[in-house]
Amino acid sequence: MTRTRRRYWLMKSEPDAFSIDDLQRVGTEPWNGVRNYQARNFMRDGMQVGDGVLFYHSNTAVPGIAGTATVASAAYPDDTQFDRKSDYFDPKATREEPRWFLIDVEFERKLSRTIPLEEIKQHGERLGEEFALIKRGSRLSVFPVSADQYKFLLSLE
DNA sequence: GCCAACGTTGGC
DNA sequence: GCCAACGTTGGC
């Protein structure tokens, strides 16, 4: 078997809906509800068990990186796409041809403090202006982070 | 295949 | 709550 270098990702969640504390409580959570093709493709085609995840709190008073997690499963179909009663129901998806995939995310640790977006932005030059978190207008909720970016961001803790 | 209209994201 | 930026939908 070939060994694959661990990859890193950033995943956004609105803490009112699901926070790092919620993840700590449940341990592992299926990352359902992603309905963006680019984000889906990262989960379906890019992620592997053991990959590192920066857990980001969005749409909250102080948005920022709140914890770390790991990818805990291979990609599989997001069940909510088949559930008529779910907000994430997709009438065009079928069991035979699912449209949306997810992975399980496992709690690693909560940071001693949330690293605020405002502070991260001050390191744009260090992180690269193309970094999706600080790139103007970027709304992607799942995207790759380089090993260097990962290490640097956590060094701000 | 174009593109206007619409819905969503997410910082502020 | 506002609204800029973006992605998706659907008529043509």
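If you're wondering where the values come from, they're calculated on a predicted model, not measured in any experiment. Note on naming: letters A, B, ... go to the chains in the order of the sequence lines (proteins, then strands), and numbering restarts at 1 for each one.
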Set of residues satisfying side-chain hydrogen bond (donor to acceptor under 3.5 Å, both in side chains) with respect to A:Arg139, sequence neighbours excluded: none
For A:Asp148, salt bridge (charged side-chain N to carboxylate O under 4.0 Å, His left out) partners two or more places apart: A:Arg126
Show me the protein contacts with nucleotides 10-12 of chain B, counting only N or O atoms at under 3.5 Å.
{"residue": "B:dG10", "atom": "OP1", "partner": "A:Lys12", "partner atom": "NZ", "Å": "3.1"}
{"residue": "B:dG10", "atom": "OP1", "partner": "A:Arg139", "partner atom": "O", "Å": "2.7"}
{"residue": "B:dG11", "atom": "OP1", "partner": "A:Tyr56", "partner atom": "OH", "Å": "2.8"}
{"residue": "B:dG11", "atom": "OP2", "partner": "A:Asn59", "partner atom": "N", "Å": "2.9"}
{"residue": "B:dC12", "atom": "OP1", "partner": "A:Lys121", "partner atom": "NZ", "Å": "2.6"}

Protein N or O to nucleotides 2-5 of chain B N or O, pairs below 3.5 Å:
none

For residues 19-27 of chain A, run the donor-acceptor check on the side chains, cut-off 3.5 Å, and write out each pair with its distance to 0.1 Å, sequence neighbours left out.
{"residue": "A:Ser19", "atom": "OG", "partner": "A:Asp21", "partner atom": "N", "Å": "3.2"}
{"residue": "A:Ser19", "atom": "OG", "partner": "A:Asp22", "partner atom": "N", "Å": "3.2"}
{"residue": "A:Ser19", "atom": "OG", "partner": "A:Asp22", "partner atom": "OD2", "Å": "3.2"}
{"residue": "A:Asp21", "atom": "OD1", "partner": "A:Lys110", "partner atom": "NZ", "Å": "2.9"}
{"residue": "A:Asp21", "atom": "OD2", "partner": "A:Lys110", "partner atom": "NZ", "Å": "3.4"}
{"residue": "A:Asp22", "atom": "OD1", "partner": "A:Arg25", "partner atom": "NH1", "Å": "2.7"}
{"residue": "A:Asp22", "atom": "OD2", "partner": "A:Ser19", "partner atom": "N", "Å": "2.8"}

Those residues that, when tested against A:Asn41, pass side-chain hydrogen bond (donor to acceptor under 3.5 Å, both in side chains) (two or more places apart): A:Arg44
For A:Arg84, all residues meeting salt bridge (charged side-chain N to carboxylate O under 4.0 Å, His left out), sequence neighbours excluded: none
Which pairs of donor and acceptor atoms, one on a side chain in residues 150-157 of chain A, lie under 3.5 Å apart (sequence neighbours left out)?
{"residue": "A:Ser155", "atom": "OG", "partner": "A:Phe152", "partner atom": "O", "Å": "2.5"}
{"residue": "A:Glu157", "atom": "OE1", "partner": "A:Arg109", "partner atom": "NH1", "Å": "3.4"}
{"residue": "A:Glu157", "atom": "OE1", "partner": "A:Arg109", "partner atom": "NH2", "Å": "2.7"}
{"residue": "A:Glu157", "atom": "OE2", "partner": "A:Arg109", "partner atom": "NH1", "Å": "3.1"}
{"residue": "A:Glu157", "atom": "OE2", "partner": "A:Ser112", "partner atom": "N", "Å": "2.7"}
{"residue": "A:Glu157", "atom": "OE2", "partner": "A:Ser112", "partner atom": "OG", "Å": "3.0"}

A:Trp100 and its ring pair (Phe, Tyr, Trp, His ring centres under 6.0 Å) partner, picked from A:Tyr37, A:Trp31, A:Phe89: A:Tyr37
Any pair counted as side-chain hydrogen bond (donor to acceptor under 3.5 Å, both in side chains), so long as it reaches residues 58-68 of chain A, sequence neighbours left out: A:Glu14-A:Asn59, A:Thr68-A:Glu108
Test salt bridge (charged side-chain N to carboxylate O under 4.0 Å, His left out) applied to A:Glu96 - qualifying residues, sequence neighbours left out: none
Difference in axis direction between the ends of the helix from B:dG1-C:dC12 to B:dC12-C:dG1, five pairs, 10°: 10°
Under the side-chain hydrogen bond (donor to acceptor under 3.5 Å, both in side chains) test, residues paired with A:Ser138 that sit two or more places apart: none
Atom pair distance, as rounded to whole Å: CZ in A:Arg35 and C1' in C:dT9: 17 Å
5' priority, DNA chain C, between A:Gly137 and A:Arg99 [closest heavy atom]: A:Gly137
For atom CG of A:Asn36 and atom P of C:dT9, their distance in whole Å: 11 Å
